[in-house]
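First comes the structure, then the notes that go with it.
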Amino acid sequence: MRTPPTGLFDRVYDIVRGIPRGRVMTYGQVARAVGVTRGARAVGWALSALPRSLERRVPWHRVVGVGGRISPRAGTGPLVQRRRLRAEGVRFQGEKVDLARHGLFA
DNA sequence: GGGCTGACTGACG
DNA sequence: ACGTCAGCCAGCC
């Protein structure tokens with residue numbers, strides 16, 4: 001058994017951990033998933049604080065901005081995020097992720 | 001309790 | 001299409 005996540009951070013990590021390979025969610029969608037309708041910014045903040053120890057289990061690269069944009073300050077860098085996504089077969093429309101194809105809804 | 005901050009967003013010019 | 005501005009949220013000091 002695992003104690004249910006309390007703070008926003010843990011709830012965010014929980015949701016992100018559940019994003020399937022090859023799919024992506026926007027900060028806004030994650031926020032809504034954790035019960036914070038307009039907490040997109042807070043979600044980004046939570047991911048920026050992602051502990052090194054969780055980098056393995058939490059696929060942070062599957063979280064993108066609205067419209068499929070890649071945040072300039074994401075993780076090790078937008079290039080890394082892009083590379084990881086492409087490695088999963090995620091298609092891009094220019095600089096943006098093709099949400100119509102890989103967007104996750106919930 | 002008040003103010004600051006940031007991997008966000010939507011509206012404008 | 002692009003930079004700026006102003007709301008929005010929760011954790012930290």
Side-chain angles (χ1 to χ4, degrees):
Chain A
M1 285 277 281
R2 187 167 168 298
T3 308
T6 36
L8 177 74
F9 285 35
D10 292 317
R11 301 208 313 258
V12 167
Y13 301 155
D14 246 29
I15 295 298
V16 176
R17 191 171 46 195
I19 303 177
R21 198 167 189 294
R23 310 313 286 288
V24 301
M25 273 179 89
T26 67
Y27 295 93
Q29 289 180 317
V30 174
R32 201 175 174 312
V34 298
V36 185
T37 309
R38 291 148 189 146
R41 202 167 188 182
V43 169
W45 178 39
L47 288 181
S48 72
L50 180 68
R52 310 265 300 173
S53 58
L54 294 179
E55 280 179 33
R56 297 293 198 84
R57 311 185 321 176
V58 182
W60 56 267
H61 61 284
R62 295 181 189 148
V63 182
V64 301
V66 64
R69 294 180 326 211
I70 301 295
S71 294
R73 301 173 181 67
T76 322
L79 300 179
V80 175
Q81 180 169 17
R82 246 182 97 118
R83 184 171 58 66
R84 289 192 183 182
L85 288 174
R86 290 186 74 81
E88 297 183 355
V90 173
R91 299 266 218 121
F92 280 75
Q93 300 269 293
E95 299 296 303
K96 301 175 183 176
V97 169
D98 185 343
L99 288 184
R101 230 178 106 72
H102 309 283
L104 191 59
F105 295 77

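For clarity, every value in this text was computed on a predicted model and none was experimentally measured. Here is how names work: the chains are called A, B, and so on, in the same order as the sequence lines, proteins then strands, and each is numbered from 1.
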Taking atom [atom1] of [X] and atom [atom2] of [Y], what is their separation to the nearest 0.5 Å?
{"X": "A:Arg83", "Y": "A:Thr76", "atom1": "CZ", "atom2": "OG1", "value": "8.5 Å"}
{"X": "A:Leu50", "Y": "A:Arg57", "atom1": "CG", "atom2": "CZ", "value": "10.0 Å"}
{"X": "A:Leu99", "Y": "A:Leu104", "atom1": "CG", "atom2": "CG", "value": "10.5 Å"}
{"X": "A:Arg17", "Y": "A:Ile19", "atom1": "CZ", "atom2": "CD1", "value": "11.5 Å"}
{"X": "A:Leu85", "Y": "A:His102", "atom1": "CG", "atom2": "NE2", "value": "9.0 Å"}
{"X": "A:Arg23", "Y": "A:Arg101", "atom1": "CZ", "atom2": "CZ", "value": "9.5 Å"}

Exercise for review: Please answer whether the main-chain N or O of A:Gln29 pairs with a side-chain N or O of A:Thr26 as donor and acceptor at a distance below 3.5 Å.
Suggested key: yes

Review point. Any donor-acceptor pair under 3.5 Å linking the side chain of A:Gln81 with the backbone of A:Val63?
Key: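 It does hold such a pair.
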
Practice item. Quick one, give me the B/S/- string for nucleotides 7-13 of chain C, reading 5' to 3', where B means a protein heavy atom under 4.0 Å from the base and S means that only happens at the primed atoms, P, OP1 or OP2. Key: BBBBB--

d([atom1], [X]; [atom2], [N]) in whole Å:
{"X": "A:Arg73", "N": "B:dT5", "atom1": "CZ", "atom2": "P", "value": "14 Å"}
{"X": "A:Arg69", "N": "C:dG3", "atom1": "CZ", "atom2": "P", "value": "12 Å"}
{"X": "A:Gln81", "N": "B:dC8", "atom1": "CD", "atom2": "C1'", "value": "14 Å"}
{"X": "A:Ile70", "N": "B:dT9", "atom1": "CD1", "atom2": "P", "value": "11 Å"}

**Study point:** Residues forming a side-chain contact (heavy atoms from CB on, under 4.5 Å) with A:Arg38, sequence neighbours excluded
**Key:** none

Practice item. List for me each residue that meets salt bridge (charged side-chain N to carboxylate O under 4.0 Å, His left out) alongside A:Arg11, sequence neighbours excluded, and say none if there are none. Key: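 With sequence neighbours excluded, A:Arg11 shows a salt bridge (charged side-chain N to carboxylate O under 4.0 Å, His left out) to no residue whatsoever.
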
Check your understanding: Will you find, in the side chains of A:His61 and A:Glu88, an N or O donor that is under 3.5 Å from an N or O acceptor?
Key -> yes

**Study point:** Interface residues of residues 93-102 of chain A with DNA chain C (non-hydrogen, below 4.0 angstrom)
**Key:** none

Practice item. Taking the six-membered ring for Trp and the single ring otherwise, decide whether the centroids of A:Tyr13 and A:Trp60 are under 6.0 Å apart. Key: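 No; A:Trp60 has its ring centre 6.0 Å or more from that of A:Tyr13.
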
Practice item. For DNA chain B, determine which residues of residues 59-68 of chain A have any heavy atom closer than 4.0 angstrom to one of its atoms, and list them numerically. Key: A:Trp60, A:Gly65, A:Val66

Practice item. Could you walk me through whether A:Val97 and A:Phe92 pass the side chain to side chain contact (heavy atoms under 4.5 Å, CB included) test, one step at a time? Key: CA-CA 4 Å; A:Val97 169; A:Phe92 280 75; 3.7 Å; yes

Practice item. Sticking with atom C1', work out how far B:dA7 lies from C:dC13, rounded to a whole angstrom. Key: 22 Å

Revision key, fill the gap. Annotated structure of DNA chain B as dot-bracket, pair cut-off 3.5 Å, Watson-Crick or G-U only, | for inter-strand, is .|||||.||||||

